[in-house]
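Working notes for the structure below.
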Amino acid sequence: MTSAAPVISDVAYQDLLNDPYPIFKRVRDTASAVFVAAANLTLVTRFDDIVKIERDPVTYSSDNPTSLVNKVMGPTFMRKDGAEHATGRKAIEPSFRSGTIKEHWTPRFAEISERLINSLSGAGEADLFHALAAPMASLSLMEMIGFKEMPWETLALWSQFLIDGAGNYARDAEIERKAMEAGSGIDAAIEAVLDHHRAHPNPSILSSMVHADPPMPIEEIRANIKVIIGGGLNEPRDAILTLTLGLLANPAQKESVLVKPELWPNAFEEAVRWISPIGMYPRRVTRETDLSDVMLPEGLQIGLCVGAANRDDRRFSNPDMFDIFRPRQSHLAFGAGAHFCAGTWVSRQTVGKIVVPMLFERLRNLRLREDAPPLIRGWVFRGPVSLPVRWDA
Ligand code: HEM
């Protein structure tokens, strides 16, 4: 017998932002789907339920014409199903191929990383959010997209304004204005380089889009580039900081990875499992259905909390601990199914093989500051918003 989703109404939104994990655990232990009033959404938090949902895109659709993402960014393949999704996804695929990552992006990203870390090394202390992770994620995404060079802060601001706009359920006019302004800036930046990419095919995402068969229409190029800016900057930034924090807070694990560099990939996967940069993404129920113990009505919006599923104790032992030695098991930090993150391999390479290893190699005796602890925030997107560190200059 299934019944309607239970309701949790005694949680404050601020608690979700500060530390969602106790709330996620409560939701997981309550039912397979629970309406959480503070989030104004029915949340799914168990690992097996999310896998089941992602295997059934007919019942659980990514398509939602009324979503704020569509309003702020336009018609994107990330919010489509079936053939429409596959066409968009196939168009960008050449920029994400393993050969392209190895031969083209790896040397470019190593150069950016080297420049940023060298410029830091004499200082002896920094907040790695602004000093390394945000510029690294912004400058490398700028190159991947195929934009002309611009200050890293510009792309980072555009990304933030789009994200704020996509989550602007309260319809705040100022948030809406900034999101639209970011959108116009992005449209102009695309316009400035499109002829160049048409004339000179290259590995960038814009080049892949205009040389796809059939070429991607301009309004879809605009929308999909916005989704990539909204979704391809914060996540690698947060993964850089989370992996660094996990190792600094667990010195024995840090020593192991420095002595055995072949452990870096495990450390990266563990970091994004432990604090998943995307904590939740939405799906729409297309027909009344039973999810384990709960009946979901047609048309219901649900939030798939991969950040919760990645700490599901039915799947991971001691899930709240950062442990690079835990038995290797797949996680959901990059999603699952047809919309599995296009940037997975490039992020594995950039974060787990280039930036963070270079950081520990170049900055001697890198350590957390006891007088300035790291700050971690968010539940839809989660990561350190401040990571103050010291090293021997
Ligand atoms: C650690 C870094 C990253 C994490 C944790 C991450 C996570 C995710 C997740 C969970 C999804 C699924 C969203 C959904 O189904 O609604 C997704 C989709 C996507 N990601 Fe990432 N992402 C990361 C980095 C990147 C980067 C660097 C790029 C681009 C340069 C990127 C591009 C995309 C695209 C295009 C999609 C949509 C795929 C589709 O709909 O087929 N991601 N990502």
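Indexing begins at 1, ligand by ligand and atom by atom, following the structure's order.
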Nearest protein heavy atom to [atom], by residue and atom, and its distance?
atom                     : answer
atom 15 (O) of ligand 1  : R283 NH2, 2.8 Å
atom 10 (C) of ligand 1  : A333 O, 3.4 Å
atom 32 (C) of ligand 1  : G343 N, 3.9 Å
atom 21 (Fe) of ligand 1 : C341 SG, 2.3 Å
atom 38 (C) of ligand 1  : R89 NH1, 3.3 Å
atom 9 (C) of ligand 1   : I278 CD1, 3.7 Å

The one among M280, H339, K80, R348 that brings a heavy atom closest to atom 12 (C) of ligand 1: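 Residue with the shortest heavy-atom distance to the ligand atom: H339.
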Would you indicate which of M144, E235, R79, M78 comes nearest to atom 37 (C) of ligand 1 when only heavy atoms are counted?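 Considering heavy atoms of M144, E235, R79, M78, the nearest to atom 37 (C) of ligand 1 sits in M78.
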With atoms numbered from 1 as shown, which atoms in ligand 1 lie under 4.0 angstrom from a non-hydrogen atom of H85?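 Listed by number with element: 39 (C), 40 (O), 41 (O).
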With heavy-atom distances below 4.0 Å as the criterion, list the atoms of ligand 1 near G335.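 Those of ligand 1 that fall under 4.0 Å from G335 are 10 (C).
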Assess, by modelled atom type and distance only, whether the side chains of S204 and E143 contain a donor and an acceptor separated by less than 3.5 Å.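 Their side chains do not contain a donor-acceptor pair, so the 3.5 Å distance test is not met.
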Is there a donor in the side chain of D56 and an acceptor in the side chain of T59, or the other way round, less than 3.5 Å apart?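 There is such a pair between these side chains.
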Tell me whether A338 reaches ligand 1 (any heavy atom closer than 4.0 angstrom to a ligand atom).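 Yes, A338 has heavy atoms under 4.0 Å from ligand 1.
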Going by heavy atoms, is L141 under 4.0 Å from ligand 1?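 Right, L141 reaches ligand 1.
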One residue to check: F96. Relative to ligand 1, which of side chain, backbone, both or neither has a non-hydrogen atom less than 4.0 Å away?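 F96 to ligand 1: side-chain contact only, backbone stays beyond 4.0 Å.
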Is it true that [X] and [Y] have a side-chain N and a carboxylate O under 4.0 angstrom from each other?
X    : Y    : value
D195 : R198 : yes
R314 : D312 : yes
R108 : E111 : yes
D63  : R79  : no
K52  : D48  : no

Short N/O distance, under 3.5 Å, between S347 and ligand 1?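 It does not: no N or O of S347 is found under 3.5 Å from an N or O of ligand 1.
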Is there a polar contact between ligand 1 and Y281, counting only N or O atoms under 3.5 Å apart?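 No, there is no polar N/O contact under 3.5 Å.
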Cation-pi geometry met for R311 and Y21 (6.0 Å, 45°):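 Geometry flag: set, cation within 6.0 Å and 45°.
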Which residue, L162, I221, V69, T76, forms the side chain to side chain contact (heavy atoms under 4.5 Å, CB included) with K226?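 Option passing the side chain to side chain contact (heavy atoms under 4.5 Å, CB included) with K226: L162.
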Any side-chain heavy-atom pair of H339 and Y281 under 4.5 Å: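 Not in contact.
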